[in-house]
**Q** 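Supplied in C-alpha cells, the structure appears directly below.
Order of the sequence lines sets the chain letters (A, B, ...), proteins ahead of strands, with each chain counted from 1.
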There are 2 protein chains.
Amino acid sequence: MSSNANIPSNYVSDVQPILYSYWRSSCSWRVRIAMNLKEIPYDIKPISLIKSGGEQHCNEYREVNPMEQVPALQIDGHTLIESVAIMHYLEETRPQRPLLPQDVHKRAKVREIVEIICSGIQPLQNLIVLIHVGEEKKKEWAQHWITRGFRAVEKALSTSAGKYCVGDEISMADCCLVPQVFNARRFHVDLRPYPIILRIDRELESNPAFRAAHPSNQPDCPPELPNK
Amino acid sequence: MSSNANIPSNYVSDVQPILYSYWRSSCSWRVRIAMNLKEIPYDIKPISLIKSGGEQHCNEYREVNPMEQVPALQIDGHTLIESVAIMHYLEETRPQRPLLPQDVHKRAKVREIVEIICSGIQPLQNLIVLIHVGEEKKKEWAQHWITRGFRAVEKALSTSAGKYCVGDEISMADCCLVPQVFNARRFHVDLRPYPIILRIDRELESNPAFRAAHPSNQPDCPPELPNK
C-alpha cells in the first residue's frame with residue numbers, strides 16, 4: 001500500500017460511537033450500512049430534518065456539523081462529518097470487512113461510483129436544494145439529475161459489476177447505491193433502463209447490514225411510513 | 001495502513017497520461033494540481049464546455065465519460081473519471097509527494113474538506129446546473145451555496161489549518177480549495193468572512209504546481225481571459 005496512514009494500536013476508543021442520523025437521509029444511511037457491515041456498535045441520535053424547520057439548523061447541532069446536515073459521527077474522541085470521509089475513516093481504523101477492494105483499479109472504480117452518486121446526484125436532489133427549487137418544479141428537477149447520474153452509474157456497472165457494484169464483494173459503492181435507488185423511487189424515476197442497478201439493489205435488500213440500516217428500521221421513523 | 005491496496009511493481013505504465021480538461025473547469029483543475037505536485041508528466045486534450053453546445057456531450061466523449069463532464073484521465077491503460085477518485089488513484093499508485101497526511105484523523109479532516117467542496121459546493125454551482133437554474137437567478141443561486149459551504153470550510157480550517165488546509169503539508173484539500181475560491185470570485189462572493197481560506201489561497205498562489213495548473217496557463221484558455 002502506497003498510502004501511509006499511521007494507526008497507533010491504541011487508536012480505537014472503547015466508547016460507543018454516536019451517529020447523528022435522520023431516518024430518511026441517504027447520507028446517514030450510507031454510514032449506517034458501513035457501520036453495520038463492519039459490526040461496529042453505535043447509538044443513534046436522531047436529528048429531524050423537518051421538525052421545527054429542521055433541527056440540523058439549531059445552534060447546538062451547528063457546532064457538531066457546520067454544514068447543518070446529517071450525518072455526523074462521534075467516534076474515537078473526534079466528531080467526523082461528510083459520509084464519504086467517514087466511510088474512509090472507518091475503513092482505515094477498522095479493517096475488518098473491507099469496504100474497498102485490494103486492486104487499485106477496482107478501488108478507483110468503487111470511488112468513481114461513490115463520487116457519481118455523492119457528488120453528481122445526491123447533492124442536487126437534497127432536501128434543502130429542493131426547497132430552493134420550489135414545490136412546483138422539484139419532482140422534475142430531481143428526476144432529471146437522478147436519471148443523468150444513473151445512466152453513468154449503469155454504464156460503469158456494465159464493466160465493473162459482479163454480484164455487487166464492483167465484483168463480488170460489497171464495497172462503499174453499494175453503501176451509496178442502495179439509498180440512492182430509494183430516493184429515485186421516491187421521485188418516481190423510471191428505473192427500467194437500469195437493470196444492473198435494480199439487480200444489485202434487489203441482491204442487497206435481504207442483507208442484514210443493509211436491512212438494519214433501512215429507513216423503516218430506524219428509531220425515528222414515523223409509524224406510518226409512506227415508502228415502507 | 002489498514003487499507004490493503006495491491007499494487008504490482010509493474011503497475012505504472014510508461015505511456016504518458018492524457019487528461020481531458022477544460023481550462024476553467026474546477027474539477028479538471030484539481031487533477032492538474034495533483035498531477036503537477038506529483039510531477040507526473042501528462043498531455044492535455046481540451047474539451048470545450050461551451051463550443052457547439054459543449055463538446056462533453058458529443059458521442060465520442062460520452063464514451064470516455066458517461067457523466068459528460070471533465071475531467072477524465074487516461075492512465076496505466078485505464079480511463080478514470082471523477083476528480084476525487086482520480087486523486088486517490090494517483091495517491092495509491094504514485095506515492096511520491098503524498099496528498100494525504102499519515103495521521104488518520106488528519107486524513108479524515110482532509111477528506112472532510114474535500115467532500116464539503118466537491119459534494120457540498122461545486123456540484124451546485126456547476127455550469128450545467130446553472131443552465132437549469134436560468135440566467136436571471138444563477139448568480140444568487142451560486143452565491144448562496146458557495147457561502148454556505150465556505151462557512152463550513154472556514155470552520156473546519158479554524159482547527160485544522162497550518163500553512164495549508166490541514167497542517168503544513170499540501171493535501172487534496174488544497175487541490176480542491178484553490179479552484180473553488182476562483183469560482184467564488186467569479187460569482188462575486190464576499191470572501192472577507194473567510195480569512196483562513198483567503199490566507200491559504202494566497203499562500204498557494206505562487207506555488208509552481210498550482211500556478212502551472214491555473215486556468216490562465218492552460219492551452220485552451222482564450223487569449224482575452226476576463227479573470228486573468
Side-chain angles (χ1 to χ4, degrees), chain A residues 1-7 11 27 65-69 76 78 80-86 88-89 91-95 98 100-105 107-116 118-124 126 128-129 132-133 141 144-145 148-149 151-156, chain B residues 1-7 11 27 65-69 76 78 80-86 88-89 91-95 98 100-105 107-116 118-124 126 128-129 132-133 141 144-145 148-149 151-156:
Chain A
M1 179 65 186
S2 61
S3 298
N4 46 4
N6 177 23
I7 305 166
Y11 211 86
C27 302
N65 187 344
M67 281 296 273
E68 301 175 31
Q69 57 194 20
D76 303 334
H78 291 253
L80 309 182
I81 63 169
E82 294 295 328
S83 61
V84 178
I86 293 172
H88 275 88
Y89 176 84
E91 184 70 359
E92 291 185 347
T93 56
R94 275 87 171 163
L100 286 170
Q102 288 201 334
D103 175 84
V104 279
H105 279 125
R107 291 163 79 88
K109 189 55 75 174
V110 167
R111 291 190 175 111
E112 173 186 314
I113 295 167
V114 166
E115 292 302 321
I116 293 174
C118 302
S119 298
I121 305 178
Q122 196 280 337
L124 291 161
N126 204 340
I128 49 160
V129 171
H132 273 258
V133 169
W141 172 279
H144 176 82
W145 300 111
R148 169 176 171 268
R151 269 201 302 264
V153 171
E154 183 78 9
K155 172 97 175 161
Chain B
M1 179 62 187
S2 62
S3 299
N4 46 4
N6 177 21
I7 305 166
Y11 209 86
C27 301
N65 187 344
M67 280 296 273
E68 303 177 29
Q69 58 193 21
D76 303 334
H78 291 252
L80 309 182
I81 63 170
E82 294 296 328
S83 62
V84 177
I86 293 173
H88 275 88
Y89 176 84
E91 185 71 356
E92 292 185 346
T93 56
R94 275 86 171 164
L100 286 170
Q102 288 201 335
D103 175 83
V104 279
H105 279 125
R107 292 164 80 87
K109 190 54 76 174
V110 167
R111 291 191 175 110
E112 173 185 316
I113 296 167
V114 165
E115 292 302 322
I116 293 174
C118 302
S119 298
I121 305 178
Q122 195 280 337
L124 291 161
N126 203 341
I128 50 159
V129 172
H132 272 258
V133 170
W141 173 278
H144 176 81
W145 300 111
R148 169 175 171 267
R151 268 201 303 264
V153 171
E154 184 77 8
K155 173 97 175 159

**Q** To the nearest 0.5 Å, tell me how far B:Asp103 CG sits from A:Glu92 CD.
**A** 10.0 Å
**Q** Could you have a look at B:Val84, B:Ile86, B:Val110, B:Val153 and say which one has the most heavy-atom pairs with chain A under 4.5 angstrom?
**A** B:Val84
**Q** For the residue pair B:His132 and A:Trp141, does the interplanar ring angle fall in the parallel (under 30°), tilted (30 to 60°) or perpendicular (over 60°) class?
**A** perpendicular
**Q** Nearest 0.5 Å please: distance from the CD atom of B:Glu115 over to the SG atom of A:Cys27.
**A** 10.0 Å
**Q** Which heavy-atom pair separates A:Cys118 from B:Ser119 by the least distance, and what is that distance?
**A** O-OG, 3.1 Å
**Q** Checking B:Val129 against chain A: side chain, backbone, both or neither under 4.5 Å from a heavy atom?
**A** both
**Q** Before you tell me yes or no, could you show the steps for A:Arg148 and B:Glu68 under side-chain contact (heavy atoms from CB on, under 4.5 Å), namely the whole-Å CA-CA distance, both residues' side-chain angles and the distance that decides it to 0.1 Å?
**A** CA-CA 9 Å; A:Arg148 169 176 171 268; B:Glu68 303 177 29; 5.8 Å; no
**Q** For B:Gln69, is it the side chain, the backbone, both or neither that has a heavy atom under 4.5 Å from a heavy atom of chain A?
**A** side chain
**Q** Heavy-atom pairs under 4.5 Å with chain A are the metric here; pick the option from B:Pro66, B:Gly149, B:Gly120 that has the most.
**A** B:Pro66
**Q** Can you tell which of B:Ile116, B:Val114, B:Ile113 makes a side-chain contact (heavy atoms from CB on, under 4.5 Å) with A:Glu82?
**A** B:Ile116
**Q** What's the verdict on side-chain contact (heavy atoms from CB on, under 4.5 Å) for A:Val104 and B:Asp76, showing C-alpha distance, side-chain angles and the deciding distance?
**A** CA-CA 11 Å; A:Val104 279; B:Asp76 303 334; over 6 Å; no
**Q** Under the side chain to side chain donor-acceptor pair (under 3.5 Å) test against A:Tyr89, which residue among B:Glu112, B:His105, B:Lys109 passes?
**A** B:His105
**Q** Heavy-atom pairs under 4.5 Å with chain B - which of A:Asn65, A:Asn126, A:Ile81 has more of them than the others?
**A** A:Ile81
**Q** Run the side-chain contact (heavy atoms from CB on, under 4.5 Å) check on B:Met67 and A:Arg151 step by step: do they pass?
**A** CA-CA 8 Å; B:Met67 280 296 273; A:Arg151 269 201 302 264; over 6 Å; no
**Q** Locate the shortest heavy-atom distance separating A:Leu80 from B:Ala108; write the atom from each residue and the value.
**A** CD2-CB, 4.1 Å
**Q** Quick check on A:Ile128 against chain B: is it the side chain, the backbone, both or neither that has a heavy atom closer than 4.5 Å?
**A** both
